[in-house]
Q: 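What follows is a structure written as structure tokens; I'll ask about it next.
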Amino acid sequence: MRERFSTSGLAGAYLDELLAAGVEARMEFRPRRALDPHPFLVSLDSEGRGEAFFTRPIEGVRSENRTRFHP
């Protein structure tokens, strides 16, 4: 389960409710893009580490043709 919130206050309140109910959860600041309206992510600890996202190519090399990615 993952829920996104617009402010840390809303995410923190939801996190407090989960923790009070005995559910292990965490809050992270993980914007999906610039100016994301819901950058705060609350997720259960049993689900792994949040949502996957990439900010740059991993182990990639840019070729002369900048329209294609060559790993």
Side-chain angles (χ1 to χ4, degrees):
M1 175 203 72
R2 296 180 182 124
E3 295 288 331
R4 288 194 160 272
F5 296 91
S6 58
T7 66
S8 61
L10 290 173
Y14 183 64
L15 182 64
D16 289 343
E17 288 178 16
L18 290 175
L19 295 175
V23 177
E24 292 185 27
R26 69 179 174 280
M27 179 177 72
E28 300 176 53
F29 179 72
R30 306 248 340 203
R32 295 172 284 191
R33 61 189 177 279
L35 303 175
D36 186 357
H38 300 96
F40 295 95
L41 177 71
V42 174
S43 60
L44 300 180
D45 279 339
S46 62
E47 290 184 343
R49 297 295 304 165
E51 296 174 345
F53 71 98
F54 300 97
T55 57
R56 62 181 175 82
I58 299 173
E59 299 295 325
V61 178
R62 261 192 160 170
S63 64
E64 291 179 21
N65 181 358
R66 295 179 185 256
T67 61
R68 293 189 353 198
F69 172 70
H70 298 283

Q: Under the rule for side-chain contact (heavy atoms from CB on, under 4.5 Å), what residues qualify as partners of Leu10, not counting sequence neighbours?
A: Phe5, Ser6, Thr7
Q: Between the main-chain N or O of Arg30 and the side-chain N or O of Arg4, is there a donor-acceptor pair closer than 3.5 Å?
A: yes
Q: How long is the straight-line distance from CG of Leu18 back to CD of Glu24, given to the nearest 0.5 Å?
A: 11.5 Å
Q: Heavy atoms only: give me the nearest Leu41-Arg2 pair and the separation to one decimal.
A: CD1-CB, 3.9 Å
Q: How many angstroms lie between OG in Ser43 and CD in Glu3, if you round to the nearest 0.5 Å?
A: 10.5 Å
Q: For Asp36, give me all partners under side-chain hydrogen bond (donor to acceptor under 3.5 Å, both in side chains), at least two apart in sequence or on another chain.
A: Arg32
